[in-house]
Amino acid sequence: MKKISPSVMCVDFFKLEEAVRAFEENGIEYIHVDIMDGRFVPNYTLGTDFVKKLKERTKIPLDIHLMIEEPESKLDWFEFGEGDYVSVHYESTRHLHKAVSAIKARGAKAMVAINPATPVSALECVLGEIDGVLIMTVNPGFAGQKLVRSTLPKITQLREQLDGLGYIDVEIEVDGNVSFENAKLMTEAGADIFVAGTSSVFKKEFSLSEGIARLREVIG
Ligand code: DX5
Ligand code: ZN
């Protein structure tokens with residue numbers, strides 16, 4: 001079953017409560033929380049207190065996307081546990097296995113994220129250790145960017161590789177310019193979890209519920 005993970009940095013923060021209720025009413029599977037440190041990516045967004053508050057206010061599992069240097073030394077700063085996904089970037093650490101193990105030791109699901117220029121082959125040694133792979137379909141750091149098209153074949157390639165190795169439960173998440181149009185291509189390529197941002201559910205033309213319904217229709 002395909003899943004939607006709306007990017008909470010795209011919510012109007014004055015209407016956060018309303019948005020979270022809409023996620024709940026529409027059966028949203030995860031809430032995508034972008035954490036940036038101004039070093040791994042040139043931006044800042046949400047932080048530790050925000051994650052804590054969100055966990056207090058909803059039972060929807062979080063999908064915490066850490067775009068930070070050396071995440072293995074900062075995992076303790078964040079509230080997460082069973083049912084939540086935490087992703088660390090392949091490019092952000094020399095100790096990827098350590099980071100993945102630390103996430104799993106807390107009962108959460110570990111995901112490794114790769115930037116557009118990082119090949120799928122870089123993940124070879126961790127595929128057996130992780131629950132998901134996050135394929136960045138734009139360069140991380142900002143909402144509202146255009147799809148890097150060369151990331152689409154990476155989805156297909158990774159799905160084939162995972163299935164070939166018997167890792168059929170390892171999920172593929174896509175993040176960046178997941179528009180209704182691009183979501184269709186990503187679905188065909190084999191993506192399972194769709195980060196929904198300004199390109200789809202947070203579009204101004206319709207309500208959040210309408211946007212979610214439209215995205216569900218596309219991804220099936
Ligand atoms: C990137 C973030 C968001 C998300 C926003 O790590 O998760 O920027 O891509 O979605 P779009 O690209 O639709 O604005
Ligand atoms: Zn993200």
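One-based numbering, in listed order, for ligands and for the atoms of each. Because the structure is predicted, anything quoted here is derived from the model rather than measured.
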Notebook entry, point to check: For ligand 1, which part of T198 has a heavy atom less than 4.0 Å away: the side chain, the backbone, both, or neither?
Noted result: both
Next item on the list: Check F142 against ligand 1 and report side chain, backbone, both or neither, counting heavy atoms closer than 4.0 Å.
Entry: backbone
When you compare the side chain of [Y] with that of [X], does any pair of heavy atoms fall below 4.5 Å?
X	Y	result
L152	L147	yes
N43	M36	yes
V33	I35	yes

I'd like the atom name of the N/O/S atom in [X] lying closest to the Zn ion (ligand 2).
X	result
H32	NE2
D34	OD1
D175	OD2
H65	ND1

Considering only non-hydrogen protein atoms, determine which one is nearest to [atom] and report residue, atom name and distance to 0.1 Å.
atom	answer
atom 13 (O) of ligand 1	S199 OG, 2.5 Å
atom 10 (O) of ligand 1	G197 CA, 3.4 Å
atom 2 (C) of ligand 1	D34 OD2, 2.9 Å
atom 12 (O) of ligand 1	N177 N, 2.8 Å
atom 9 (O) of ligand 1	D175 OD1, 2.9 Å

Next item on the list: For the pair H89 and F40, name the ring-plane relationship: parallel under 30°, tilted 30 to 60°, perpendicular over 60°.
Entry: tilted
Of all the atoms in ligand 1, which lie at a distance below 4.0 Å from a heavy atom belonging to [X]?
X	result
G144	11 (P), 12 (O), 14 (O)
H65	6 (O)
H32	7 (O)
M67	6 (O)

Checklist line | Reference residue T58; test side chain to side chain donor-acceptor pair (under 3.5 Å); the match among E17, E24, R21 | finding: E24
[X] and [Y] ion-paired at < 4.0 Å:
X	Y	result
E217	R214	no
D163	R159	yes
D84	K55	yes

Margin query: Looking at ligand 1, is there an atom of it that comes within less than 4.0 Å of some heavy atom belonging to G176?
Written below: yes
Checklist line | Rounded distance (nearest 0.5 Å) linking atom CZ of F80 with atom CD1 of I103 | finding: 6.0 Å
Notebook entry, point to check: Is the backbone N or O of I28 less than 3.5 Å from a side-chain atom of N26, with the two atoms forming a donor-acceptor pair by type?
Noted result: no
Note to self: I'd like to know if the side chain of K2 and the backbone of A191 have a donor-acceptor N/O pair within less than 3.5 Å.
What the structure shows: yes
Notebook entry, point to check: So which of P6, S179, A143 gets nearest to atom 5 (C) of ligand 1, if we judge by its closest heavy atom?
Noted result: A143
